[in-house]
Amino acid sequence: MRRSRAFIPTTKEAPSDASLASHIYLSRAGFISQVASGLYSYMPLAKRVIKKIENIINEEMTKAGAEEVELSFVTPASLWQESGRIEKFGKELLRFRDRKENLFVLGPTHEEMMVDMVRNRVTSYKQLPINLYQIKTKFRDEARPRFGLMRGREFIMKDGYSFHASVADMDREFDAMEAAYKTILTRLGLDFRIVEADSGAIGGSGSKELMVLAGSGEDTIAVCSKCEYGANVEAAKRSGRVTIPEAPVAEFNKFKTPNVKSIEDLEEFFKVDGYYTMKCVAKRAVYEDDSEVVLFFVRGCDTLQEVKAQNATGALDIVDVSEEELRELGLIPGFIGPLEQGCAKHVIDIDLRDAKSMICGANEEEYHFVNVDMSVMSEAYYADIAAVNEGDICPYCNGTLSFTKGIEVGHIFKLGTTYSAVLKAEFLDENGKAQPFVMGTYGMGVSRLVAAVIEQHHDDKGCIWTKTTAPYMVNIMISNIKETPQVELGEELYAKLQAAHVEVMLDDRKERFGFKMNDAELIGFPYTIIIGKELENGLVQIFDRKTKESFSVSKDEVFSKIMDLI
RNA sequence: CGGGGUGUAGCUCAGUAUGGUUAGAGUACCUGGUUUGGGACCAGGGGGCCGAAGGUUCGAGUCCUUUCACCCCGACCA
């Protein structure tokens, strides 16, 4: 492509509302154009990058035995009513009616559509397994879209669904998809981690997220210093802590503790480590038809992980409760403990099972119990509800956990029969018995990947595309188009590289050197061939965007040199 | 969905407290000229329903009411 003919509207200034590097540079370099909140148009450069990513996904999916399909974007609301998700998704589903007043939904994900396509067509275990995927625009009417392509309302996603006759076969496919996703992200040139994730209300026996590591990521993930373990903090586990403080020595007793309400007060009052105190976090668990107050107990040095807490109760949502509500139930905020207290349901963190030497509220104004032995509460409901801390011990080895930020670019689920059962998608097994399909689902955010590449690969000058994602591999810059020899060499190289199937841009604009260089750095071509002053000595320069270094080569060798580099 | 903020030239923004000729700057764009290794310089030029609707007033970008859009924090995000 000739730069003089290309539609690449670069600007010196970023949109005032852009804060993330990917948003700023993709806007400034003329990749994307915002049209409304969470809606972006892809200009030529972005379109090229998207195609590259899609091609890599297609290649790896094909290798893994998956078949590409395309489901309609507009989906009948009746399918969503059938699965029950029309309520669950709520306002995120954009609904509208056609001229015949039939209700439709813009597809935010396509489990229902895919199941609908397969059910009654695949009817025997002999036809299984199958794995179908598509790469398509999705629409979720997010309450608050933000960060450019990172969290748009309309976005491109690869979504795949596999159908199996057994859980074991689904597990096999799940592992194969994980491996394929690993290959895809590696080929894209990304530094990533596959982590264990919260499966959420949708259930299923397991899920993993693919996290591109970047400081600007919205998710916090815990990673092990020694082994491969990584998990979203919403799901991270631990096996304990490195050092356990010395236990306080005391007899079981009820102590008067005036004005000692917070954990800090307790630690100060008894001169004891927070490890031996018990914190109560009261929440209201909201279910489909009713709600109740639930008391969550964790060690004073821990914090409640709300996603885990929600999962432990099976609630649809958990919300804060006021002190007044607690008092109405007969609870005394600041002095709530698990002993001798039956006002509300308890969930106790597993780390407190059989804990000794604990201090907890006595459910009486200004009193705490000391030297509590939790083994007396062995019948209580224990669950993993505490957030892991940096420095906690890995659940699989003796390494320690540390936190890092990640961008979720993929999520793979073992769905099981969640959808097939409710949508009555069944096959006949070897015994002629009807069984719902066992399913897996595999998502990857294509447009989010575009942003993720830049979040991980940029500098203060602009984008630094990896070789497999770059919209053009080589940029030929003619420093001064009034110098005929420069133009001639530029044209010659341009023709030669095109003939060699290299994606090449020829910057033939009547602009000054500095202007064109800044432009090239902003766009982020991996290599720029600078044809300029040194041509008098038979030399041109090759500029490497990643290292920002350039070196001279003779004009006769530049073609073979660039072919070596790419 | 709660709280806050902003809408003026393609873009980034002044101007609005205290209403007053023809609404400004930088940048981008067009013309001509000089430049040509890190976003050049000079001269000339085009470009605005001041988000929208209604109101107050002799007079509204500015004051009042309504509304829409966009952004930020939070909640939400299988």
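Every chain is numbered from 1, with letters handed out A, B, ... down the list of sequences.
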- Task: Please work out whether B/A17 sits syn or anti, treating a glycosidic angle within 90° of 0 as syn.
- Result: syn

- Item | Counter-base of B/G20, judged by Watson-Crick or G-U geometry with both distances under 3.5 Å | B/C58

- Item | Closest to side chain of A/I530, choosing from B/U35, B/G74, B/G37 | B/G37

- Consider only side-chain N and O atoms of A/N131 and A/Y133, and report whether a donor and an acceptor are under 3.5 Å apart. no

- Which whole number of Å gives the distance between the C1' atom of B/U12 and that of B/C29? 16 Å

- In residues 15-27 of chain A, which residues come under 4.0 Å of RNA chain B by heavy atom? A/P15, A/S16, A/D17

- Message: Rounded to whole Å, how long is the line connecting atom CD of A/E87 with atom P of B/A78?
- Response: 17 Å

- Below 4.0 angstrom from OP1 or OP2 of B/G39, is there any side-chain N or O of A/K12? no

- Item | B/G39 base stacked by A/F515 (centroids within less than 5.5 Å, tilt under 30°) | no

- Note on the structure: To the nearest 0.5 Å, atom CD of A/E68 lies from atom CD of A/E54 at 8.5 Å

- For the side chain of A/D317, counting heavy atoms from C-beta on, which of B/C76, B/G37, B/C70 is nearest? B/C76

- Roughly how many Å is it from CG in A/D507 to C1' in B/G37, rounded to a whole number? 14 Å

- Nucleotide B/U36, atom P - distance to CD of A/E483 in whole Å: 10 Å

- Whole angstrom value for the distance that separates P of B/C76 from CG of A/D198: 12 Å

- Can you tell me how far C1' of B/C29 sits from CZ of A/R509, to the nearest Å? 15 Å

- Query: So what's B/G2 paired with, Watson-Crick or G-U wobble, going by both distances under 3.5 Å?
  - Reply: B/C73

- Which residue, A/T441 or A/R153, contacts RNA chain B at a nucleotide closer to its 5' end, judged by nearest heavy atom? A/R153

- Item | Gap in Å between the two C1' atoms, one belonging to B/G39 and one to B/U35, rounded | 15 Å

- So which nucleotide does B/C49 pair with, by the Watson-Crick or G-U wobble rule with both distances under 3.5 Å? none

Please list each protein N or O that sits under 3.5 Å from an N or O in nucleotides 1-10 of chain B, with the distance.
unit_1: B/C1; atom_1: OP1; unit_2: A/K91; atom_2: NZ; d: 3.4

- Measure the distance from CG on A/D460 to P on B/G38 and round it to the nearest whole Å. 17 Å

- Note on the structure: Tightest non-hydrogen contact, residues A/K283 and A/V321, listed as C-CG1, 3.9 Å

- Message: Quick check for you: among B/G39, B/U12, B/A78, whose closest atom lies nearest to any side-chain atom of A/E13?
- Response: B/U12

- With both distances kept under 3.5 Å, what pairs with B/A78, Watson-Crick or G-U wobble? none

- Query: Any N or O donor-acceptor pair linking the side chain of A/R146 to the base of B/G74 at under 3.5 Å?
  - Reply: no

- Note on the structure: Rounding to 0.5 Å, atoms CG (A/D320) and CD (A/E306) come to a distance of 6.5 Å

- Query: Heavy atoms under 4.0 Å, any strand shown: does A/K461 hit a base, just sugar-phosphate, or nothing?
  - Reply: base

- Query: Do the ring planes of A/F174 and A/Y442 sit parallel (below 30°), tilted (30 to 60°) or perpendicular (above 60°)?
  - Reply: tilted

- Message: Does the plane of the ring in A/H458 sit parallel, tilted or perpendicular to the ring in A/Y25? Use 30° and 60° as the thresholds.
- Response: tilted

- Query: Given atom CD of A/E511 and atom C1' of B/C41, what is their separation to the nearest angstrom?
  - Reply: 14 Å

- Query: Taking the same atom, C1', in B/G51 and in B/G5, what whole-Å distance lies between them?
  - Reply: 16 Å

- Which of A/E111, A/E112, A/R85, A/R119 passes side chain to side chain donor-acceptor pair (under 3.5 Å) with A/Y419? Answer is A/R85

- Task: Just compare B/G37, B/C77, B/C70 and give me whichever is closest to any side-chain atom of A/R140.
- Result: B/C77

- Using only side-chain N and O atoms of A/Q34, determine if any of them is under 4.0 Å from OP1 or OP2 of B/C71. yes

- Note on the structure: Using Watson-Crick geometry (N1-N3 plus N6-O4 or O6-N4) or G-U wobble (N1-O2, O6-N3), each under 3.5 Å, B/G7 is paired with B/C68

- Compare the minimum distances between each of B/U36, B/C77, B/G38 and the side chain of A/R151, then state the nucleotide with the smallest one. B/C77

- Rounded to the nearest Å, what distance is computed from the CZ atom of residue A/R545 to the C1' atom of nucleotide B/G38? 13 Å

- Query: Can you check whether A/L295 reaches A/K345 side chain to side chain, under 4.5 Å on heavy atoms?
  - Reply: no

- Item | Euclidean distance for P, B/G15 against B/A9 (whole angstrom) | 15 Å

- Message: When the C1' atoms of B/U36 and B/C49 are compared, how many Å lie between them, rounded to an integer?
- Response: 43 Å

- Task: Looking only at side-chain atoms of A/N518, point me to the closest of B/G37, B/G39, B/A75.
- Result: B/G39

- Any strand is fair game: report the nucleotide pairing with B/G39 by Watson-Crick or G-U wobble, both distances under 3.5 Å, or none. none

- Task: Determine whether the side chains of A/S216 and A/E455 contain a donor N or O and an acceptor N or O closer than 3.5 Å.
- Result: yes

- Query: Base, sugar-phosphate alone, or nothing: which one does A/E92 contact when heavy atoms must sit under 4.0 Å apart?
  - Reply: sugar-phosphate

- With rounding to whole Å, what would you report as the distance between B/C63 and B/G26 at their C1' atoms? 30 Å

- Item | Between B/U65 and B/A28 - P atom distance, rounded Å | 41 Å

- Message: Taking only the P atom of each, what is the distance from B/U67 to B/G3 in whole angstrom?
- Response: 15 Å

- Please report the shortest heavy-atom distance between A/A64 and A/M177, naming the atom on each side. CB-CE, 3.8 Å

- Message: If you assign A/E234 and A/A14 each to the RNA chain B nucleotide with the nearest heavy atom, which residue ends up on the more 5' nucleotide?
- Response: A/A14

- Message: Once rounded to the nearest 0.5 Å, what's the spacing between atom CZ of A/R146 and atom CZ of A/R151?
- Response: 5.5 Å

- Base, sugar-phosphate alone, or nothing: which one does A/E534 contact when heavy atoms must sit under 4.0 Å apart? base

- Message: On the six-membered ring of A/Y472, is A/R48 placed so that its NZ or CZ lies under 6.0 angstrom from the centre and within 45° of the ring axis?
- Response: yes

- Out of curiosity, A/K546 NZ to A/W465 CH2, how far, rounded to the nearest 0.5 Å? 14.5 Å

- Query: Given B/G39, B/C71, B/A78, which nucleotide is nearest the side-chain atoms of A/D519?
  - Reply: B/G39

